[in-house]
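Notes follow once the structure below has been shown.
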Amino acid sequence: MKHLQTGEVKAIQLDRGLDAIVEKKRMELAEILATGNVGATGGPGAATAPAPPQDNVSALLNRARQLLPNMPQPQRTEVENAIRQLETARSNNNPNEMGAALVNLTMLLM
Amino acid sequence: MATYHKVIGIDLGTTYSVVAAYNFEKQDVMVIPNRQNEHTTPSVVYINPSGEISVGRSAKEKQQRDPEGVLIEVKRLMGEQDEAGVKKMVVVRNKQYHPELISACILKELKACAERMIGEPVHDAVITVPAYFKESQKNATREAAKIAKLNPRLINEPTAAAVAYGLDSDEVQSFIVYDFGGGTFDVSIVRIENENTVEVVGIGGDANLGGGDIDEMLTQWFFGKMQAQYGSDFSNDKRLRGKARLEAEKVKINLCNDSETKVQEFVIANPVEGIEEACFSISLEEFERIIQDTLEKTLVQVQVALDSAQKNHEVTLEDVEAIILVGGSSKIPAVAKQLQARFNKPIKSNLNPDEIVAIGAARMAKNYEPSQAAVIKDDEELKPAEGVAAIGGGELDSTNIKDVVSHTLGIGLYGDLYDPLSLRTKSSRVGSVAMGIRLPRTTRPAFILLFIRAKTRRHPLISTSAKWLSAACGLSQRAFTGSKSRLRSMAMACFTGR
Ligand SMILES: Nc1ncnc2c1ncn2[C@@H]1O[C@H](COP(=O)(O)OP(=O)(O)OP(=O)(O)O)[C@@H](O)[C@H]1O
Ligand SMILES: [Mg+2]
């Protein structure tokens, strides 16, 4: 990231909170914990591959798509539009459009 | 009326955890013993091959027999990513677990101990976190609590330590809180303004320095002795390493507790096939020589914290009343000696350094009303108790805690530009948002780089909360009332500088 006031460039790891546990996952984990058993370890196929690294915009898009099926109707359409807006902005490579689209989608997902 | 206040205090440490609650009859906080009747519980989780969980000492002892299934120091993984930006997970026998789940195992165990003692279900806890924790780390801690069916309220560890010592003076007092734990070393300068306001004004420390490193040094020392005696290097033997680490900790604690004896034996039966017993003796002097460099590092960090307190809040060593010792490793006799010599301040260690953080958390917990149930479905925060005076009375009922904002806040602009916010004040009140942040109206942020979190549902980055927006934009809160969609468009306007 480039510091706007000093011009200094620094590697800052952005945290958009995308790793946070969502409600559904939390409920699932709470249930697992309540049983006191997290399932057999080390069996064949127990290994789960680590998620591939994503760029932040894709991560936001993926998350939006992930949440989409459980959204009530008016919000769902709004989010679908915002996803399209962001995709278009990205393919046009337009920073201004993209900034607005990012804010829009992020806000809608709150 | 129940004997215990049903909001408990938990010190969720890297290596040991402690739970405490306020007892109305004794009018004091009591540390709650675990199933082994001990006051501290190892923050260790063991998962056996069929997936069953155990927590605490029994889990820790599995290090000798089945080190693969033993999970230590999960606190270090909470809310963290690796260099590639992938969430850090706990791996046991090739299976991955969310760190939040493992941490929840520990919390569930502590909660169970508290419920046994209190005789009623417990739904709320004040949980302590290091002062340097980022928002993602705090968030992961909150999630762990919810998974364990506890409504969380987080406070800083050094703040809790200062609160444990009570707020019995009318004057502004500052303390150095020296917390040398199992996995980390943290030093904080805490200022108590009056009975209502406790504030962390400076921090220093080393996230990778703790009693575990000291155990590791002793383990190395042991393998050195083994090599000298038997002519080969056994340090790659995982089981022997596990055994030696456990023995190292025992020897260390005995040396420190029993300074009369001065010499301890480091004994391991059947270290390797063909050797019946390995036994080497070590003196307190030799031990202190081994760890001297480590101690020196902590003293340097005390100065770092003092410098930051001076720079940001004009609090100097002169203002410091005393040094509060926190954490098991601060019981090493050389610690108090050297702190005293270097900084020439009285040392407060009459409360057990292992328990003081949990005690402070339980004192704070008295300010919160117990809930009917744990809310794990939604993001309702624990509410301050109404009419707390009726419950307990006492000096802490209206304590206001301010925390340092430990990381830079800024606005991220699209295209990897970053505009740090200038903060009017460096501290924010717990449970609300940093006050006095102003977004430059001319910038067009794509998102807000935020380590403080307002009350958001799912996304911890930015919020449509009226309170947050008004703080962020320096406008009156009334400007932001209205429907959710109106709030959203107001937020948009603010964020895009219109
Ligand atoms: N009497 C003692 N003398 C020396 N070291 C001790 C003594 N008692 C406990 N310890 C050490 O203190 C450490 C645990 O301290 P504590 O319980 O404060 O850590 P923690 O809170 O889990 O860690 P952290 O603060 O890093 O999160 C362990 O390394 C333990 O061996
Ligand atoms: Mg600690």
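- Environment of CD in B:Gln372: sparse, with no more than 12 heavy atoms of neighbouring residues, nucleotides or ligands closer than 6.0 Å.
- Both the backbone and the side chain of B:Lys87 come within contact range of chain A, each with at least one heavy atom under 4.5 Å from a heavy atom of that chain.
- Taking 4.5 Å as the limit, some side-chain heavy atom of B:Glu109 sits within range of a side-chain heavy atom of B:Arg35.
- There is no side-chain donor-acceptor pair under 3.5 Å between B:Ser17 and B:Thr41.
- Between A:Arg65 and A:Glu87, at least one side-chain N (NZ, or NE/NH1/NH2) sits under 4.0 Å from a carboxylate O, which counts as a salt bridge.
- When heavy atoms are compared at a cutoff of 4.5 Å, A:Lys24 does not approach chain B at all.
- Between chain A and the options B:Lys149, B:His98, B:Met89, heavy-atom pairs under 4.5 Å are most frequent for B:His98.
- Residue B:Ala140: no heavy atom, backbone or side chain, is found under 4.5 Å from chain A.
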